[in-house]
Amino acid sequence: QGGEGLNLLPDIRGKSIVVTRPAIQAGHLVNEINRLGGVALSIPLIEIRRVTLVGAEKQSIINLDQYDAIIVVSPNAARIALEQIDQYWPQLPGHIHWYAVGRATASVLAESAIIAEVPDRGFDSAALLTLPGLQRVADKGMLILKGAGGRTLLSEQLTVRGARVDRLDLYQRKTLQYSSEQLFKILGADLPDHILVTSVEILEQMHRVFESCYDNLMSVNLVTASERISDRARKLGYVRVKTAAGASDEAMLSALAASDPLD
């Protein structure tokens, strides 16, 4: 479905497009780029490693019915959470209100018939915190499903509003390194036409890995998943930055097709 309606857009035909998201998430996007006539090059810059849940962490899943709301912050958190929850909850508690940070995360949950509320505008924690259901949360039990590290804005603000907040780390991110020889083998000596980045962490790792290989890196067409990533890219010196409407494959493809050409 991801590329429907994009078939007639000629912008990416014959263009080399680097997909930097984790390999576990990259397959569909790579296939769609190739189907639309682009040349997709998968260079994962982060690896997702699942956390083994023990003790209190496992208990959060076992006691799922004690929460009023569950907030899922990423597609990876959604996928791993659903696998964990399925072990203990063949039928989900019906009273829980689900929230997702971004439509890509909500889409993963929807595959298991979980309807999660998503902000109409914005695809980050700040946007989620504007939802009416998260304003008056005093004494509400809330579980945030996430990766290790990352921003703490959600838990901090919900705690200030009076909620009882638990955070459950479901995975860790490990940055991946590439030598110049490895990069040139995949990309060749020329800078790719486009690079897609879906997090600040991926952007900064891309910058570290690619900077030593390409003198003209700052002139690449960069497509990012949020204004926060775009702002960071501009501070690093990138001059051709296009912001997608989110991190979903559909949003990234739409922004890619509409991005400015190199010349």
Side-chain angles (χ1 to χ4, degrees), residues 2-3 6 9-48 123-124 149-151 172-263:
L6 295 169
L9 295 172
D11 305 67
I12 70 172
R13 291 177 187 169
K15 300 293 186 181
S16 55
I17 300 162
V18 174
V19 178
T20 59
R21 66 185 357 161
I24 191 173
Q25 296 174 255
H28 179 262
L29 183 56
V30 166
N31 290 340
E32 284 297 286
I33 290 169
N34 289 330
R35 186 179 71 80
L36 294 168
V39 180
L41 303 163
S42 181
I43 304 180
L45 292 169
I46 290 179
E47 182 181 47
I48 301 300
F123 302 94
D124 57 15
R151 304 173 76 191
Q172 295 177 327
R173 306 172 190 85
K174 180 191 176 186
T175 54
L176 299 177
Q177 305 292 334
Y178 294 85
S179 65
S180 299
E181 291 76 14
Q182 288 174 310
L183 274 187
F184 289 144
K185 186 174 181 179
I186 299 170
L187 299 178
D190 296 327
L191 190 69
D193 294 312
H194 303 270
I195 301 177
L196 312 186
V197 293
T198 50
S199 74
V200 170
E201 185 179 13
I202 289 175
L203 169 69
E204 292 180 342
Q205 181 64 4
M206 181 276 293
H207 184 71
R208 284 189 290 267
V209 169
F210 282 51
E211 188 180 29
S212 61
C213 300
Y214 298 99
D215 294 335
N216 58 340
L217 178 61
M218 300 305 178
S219 67
V220 73
N221 282 329
L222 198 63
V223 178
T224 82
S226 73
E227 282 296 344
R228 181 168 169 259
I229 305 169
S230 291
D231 288 345
R232 179 60 182 146
R234 294 185 187 101
K235 287 177 182 176
L236 286 171
Y238 292 89
V239 294
R240 297 176 180 175
V241 183
K242 179 79 174 182
T243 307
S248 69
D249 291 348
E250 292 80 1
M252 296 299 286
L253 284 166
S254 295
L256 176 62
S259 63
D260 297 330
L262 280 170
D263 46 42

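- Residues passing the side-chain hydrogen bond (donor to acceptor under 3.5 Å, both in side chains) test with E201, sequence neighbours excluded: none.
- The minimum heavy-atom distance between A225 and T198, with the atom names listed, is CB-CA, 3.8 Å.
- For the pair A251 and A244, the tightest heavy-atom approach, listed with the atom from each and the gap, is O-CB, 3.6 Å.
- Minimum interatomic distance between S230 and V241 (heavy atoms only, all atoms of both residues): OG-CG1, 3.4 Å.
- Comment: R228 does not engage D231 in a salt bridge, judged by the lack of any side-chain N to carboxylate O separation of less than 4.0 angstrom.
- Contact of the M206 side chain with the L222 side chain is registered, since non-hydrogen atoms from C-beta on lie closer than 4.5 Å.
- Of the possible polar contacts, one joining the Q182 side chain to the S179 backbone as a donor-acceptor pair under 3.5 Å is found.
- Side-chain contact between I43 and L183 is present, with at least one heavy-atom pair separated by less than 4.5 Å.
- Between Q25 atom CD and T20 atom OG1 the span is 10.0 Å, to the nearest 0.5 Å.
- Rounded to the nearest 0.5 Å, atoms CG (L29) and CD (E250) are 9.5 Å apart.
- Listed by first and then second residue, the salt bridge (Lys or Arg N to Asp or Glu O under 4.0 Å) pairs that reach into residues 17-31 are R21-D249, sequence neighbours excluded.
- Across G38 and I17, no two heavy atoms sit closer than the pair CA-CD1, 4.5 Å.
- Of the possible polar contacts, none joining the Y178 side chain to the F184 backbone as a donor-acceptor pair under 3.5 Å is found.
- In this structure a side-chain-to-backbone donor-acceptor pair under 3.5 Å is present from S16 to D193.
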Exercise for the section: Please step through side-chain contact (heavy atoms from CB on, under 4.5 Å) for the pair K185 and E181, ending with a clear verdict. Expected result: CA-CA 6 Å; K185 186 174 181 179; E181 291 76 14; over 6 Å; no

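- In this structure the side chain of L196 reaches within 4.5 angstrom of the side chain of I33, judged on heavy atoms.
- The structure places CD1 of I202 at 4.0 Å from CD1 of I46, a figure rounded to the nearest 0.5 Å.
- The CG atom of L236 sits 9.5 Å away from atom CZ of R208, with the distance rounded to the nearest 0.5 Å.
- With contacts defined as side-chain heavy-atom distances shorter than 4.5 Å, the pair L203/T224 does not qualify.
- Here the CG-CD1 distance, from L256 to I195, works out to 12.0 Å after rounding to the nearest 0.5 Å.
- Every residue meeting the salt bridge (Lys or Arg N to Asp or Glu O under 4.0 Å) condition with R232, not counting sequence neighbours, appears here in chain and number order: E204.
- For the atom pair CG of L45 and NZ of K174, the computed distance is 13.5 Å after rounding to the nearest 0.5 Å.
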Contacts table for residues 209-218: side-chain donor-acceptor under 3.5 angstrom, sequence neighbours left out:
| residue | atom | partner | partner atom | Å |
| --- | --- | --- | --- | --- |
| Y214 | OH | G188 | O | 2.9 |

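- Checked against salt bridge (Lys or Arg N to Asp or Glu O under 4.0 Å), E47 has the following partners two or more places apart in sequence or in another chain: R49.
- Between L191 and S219, the closest side-chain pair of non-hydrogen atoms falls below 4.5 Å.
- Using a distance-only test at 3.5 Å, with no hydrogens or angles considered, a donor-acceptor pair links the side chain of Q205 to the main chain of L176.
- Inter-residue side-chain proximity for I48 and R173 is flagged as met; some heavy-atom pair is nearer than 4.5 Å.
- Residue pairs meeting the ring pair (Phe, Tyr, Trp, His ring centres under 6.0 Å) criterion with at least one partner in residues 221-250, sequence neighbours excluded, are H207-Y238.
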